[in-house]
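See below for the structure under consideration.
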Amino acid sequence: MDIKKVEKLLSELNLPNFRLKQIVKNYFSGKYKKFEEMTDLPLDLRKELDDKVGLLAVAEIEIKKGEDCEKTVLKLKDGKKIETVLMNYGEWISACLSTQVGCAMGCKFCATGKMGLKRNLEAEEIVDQLLYWNNKVQPQYVGRIVFMGMGEPFANWENVWRAIEIIHDNLDIGWRKMSISTVGIIEKIYEFADLGVEINLAVSLHATDQKTREKLMPVAKENNLDELRKAFEYYCQKTRRQLFFEYALIDGINDSIAEARRLSRFIKSNKLFYLNIIKLNPTDGAFWSSNREREADFLRELDRARVLYSVRKSFGREIKAACGQLVVRYKDE
Ligand code: SAH
Ligand code: SF4
């Protein structure tokens, strides 16, 4: 919701200040989809607010339900579309939020990367993905958020940070219940470390040598692995927090025994480094896949080296909601 617009409208209508407080409280409660439903407001005002402001900056246009996961295509006010995902872990519910319409980073294994960047999301459009989900899961609430949807959070950091502050200040989600995943942008890792907030940081590593990383992720060229490593060390030293690394196993590209050994050495080089192995999710037209046997050998080598790692549960493959599968087609624009 654009609070400034609401404020302006209220002052034009000469309405008292408590109305704003009431509206803001209702907005963050997640109980409403439209102002129309806020029966504690005068009917005329509700109509005016729906016509002139609109409660959420996102509108549902398509829902897909999977086993323990849901995905929605949301329409933004300029007609652009994004996807947003909900994951049900049983004990808690997580929302996977998008930060951009598309992504400029062009990782070769990612459907979002193939779209290119259409535009950055505004802070309100990020916050409202969460409020959209809170409304869906009532009377429950989303307890954790991950910035792992469409887009690179550090490439739209100003808006993402503003959204994080709004969420932190108004909803019951603490810093440690938030995670950011980055493709690995050196200067932003330093900036983030200096911020000193206890938000989890994950880096999409996918290879421990420069050449393979460049092959998979074009931005690796300007974000050289040697320099990146210095940023990782700085982050851990400064924050004393764990740093998570994501590594998707890709058949014949990064899943050899030699690579498992190199990855083990890298993870063990700092006791705050933690490894998440991801299964490669299929994307349209992708020429890469994962290989079960090689995967098993790779994991065995990690075990032998006594590396601390998890194999991340993959949510929502059946509805194309898993990592790297989020995409919106634009033929209908
Ligand atoms: N732009 C950020 C966050 C969004 S992508 C980033 O790249 O980190 C979220 C995660 O999905 C990243 O770790 C990314 O490397 C991973 N990913 C992308 N495509 C994938 C695929 N096809 N299979 C598995 N993981 C993928
Ligand atoms: Fe962008 Fe992340 Fe996909 Fe790479 S993996 S293209 S950074 S969304």
Side-chain angles (χ1 to χ4, degrees), residues 69 71 82-85 87 94-121 126 129 145-157 159-160 164 178-186 188-189 192 199-208 212-223 228 231-232 243-251 253-255 274-291 295 309-318 320-328:
C69 176
K71 175 172 93 167
I82 52 165
E83 295 194 313
T84 185
V85 177
M87 295 166 290
S94 277
C96 177
L97 308 181
S98 290
T99 55
Q100 296 181 302
V101 186
C103 184
M105 303 295 145
C107 303
K108 297 290 196 302
F109 42 79
C110 173
T112 313
K114 293 203 184 93
M115 286 175 65
L117 178 68
K118 309 284 180 194
R119 74 165 167 87
N120 281 333
L121 288 183
I126 300 170
Q129 291 173 60
I145 52 171
V146 295
F147 293 95
M148 293 191 187
M150 296 168 83
E152 164 55 37
F154 281 165
N156 181 22
W157 185 233
N159 288 314
V160 173
I164 288 174
M178 304 185 188
S179 302
I180 290 170
S181 174
T182 176
V183 69
I185 299 176
I186 296 168
K188 290 289 175 194
I189 295 175
F192 184 72
I199 298 175
N200 303 307
L201 183 65
V203 178
S204 301
L205 188 66
H206 304 314
T208 46
T212 312
R213 248 188 134 243
E214 278 182 23
K215 189 150 111 188
L216 296 170
M217 316 151 92
V219 286
K221 284 195 192 80
E222 305 100 65
N223 292 274
L228 257 178
F232 301 156
L243 181 56
F244 299 88
F245 292 96
E246 286 149 324
Y247 196 101
L249 292 172
I250 309 174
D251 187 15
I253 302 286
N254 64 0
D255 65 345
Y274 188 88
L275 175 63
N276 281 317
I277 295 287
I278 320 180
K279 301 283 169 93
L280 187 78
N281 297 308
T283 51
D284 288 347
F287 38 91
W288 284 319
S289 59
S290 48
N291 176 319
E295 237 172 64
Y309 72 95
S310 312
V311 178
R312 265 233 319 258
K313 177 172 160 54
S314 180
F315 279 92
R317 263 195 196 187
E318 69 282 11
K320 291 215 170 127
C323 283
Q325 294 186 313
L326 303 187
V327 65
V328 171

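One-based numbering, in listed order, for ligands and for the atoms of each. Predicted model only: the values in this text are computed from it and were never measured.
Residues passing the side chain to side chain contact (heavy atoms under 4.5 Å, CB included) test with Val146, sequence neighbours excluded: Met87, Cys96, Met148, Ser179. With sequence neighbours left out, the side chain to side chain contact (heavy atoms under 4.5 Å, CB included) criterion links Ala321 to Cys69, Lys71, Val85, Ile319.
Annotation: atom 10 (C) of ligand 1 to nearest protein heavy atom, Cys323 SG, 4.0 Å. Here the protein heavy atom with the shortest distance to atom 2 (C) of ligand 1 is Ser181 O, 3.3 Å.
In terms of polar-atom proximity, defined here as any N/O pair under 3.5 Å, Pro153 makes no such contact with ligand 1. Every N/O-N/O distance between Thr283 and ligand 1 stays at or above 3.5 Å. Checked against a 3.5 angstrom limit, the closest N/O atoms of Phe109 and ligand 1 fall inside it.
Ligand-side atoms of ligand 1 in range of Leu280: 21 (C), 22 (N), 23 (N), 24 (C), range being under 4.0 angstrom from any heavy atom.
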Item to complete: Please lay out, stage by stage, how Gln325 and Thr283 fare under the test side chain to side chain donor-acceptor pair (under 3.5 Å).
Response: CA-CA 6 Å; Gln325 294 186 313; Thr283 51; over 6 Å; no
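Under the side-chain hydrogen bond (donor to acceptor under 3.5 Å, both in side chains) criterion, the residue pairs touching residues 98-113 are Gln100-Asn120, with sequence neighbours excluded.
Aromatic pair Tyr247/Tyr309: centroids not less than 6.0 angstrom apart.
At a cut-off of 2.8 Å, measuring from atom 3 (Fe) of ligand 2, the protein N, O or S atoms that fall short of it are Cys110 SG, waters left aside.
When non-hydrogen atoms are compared, ligand 1 lies under 4.0 Å from the backbone of Thr182 (N, CA, C, O) but not from its side chain.
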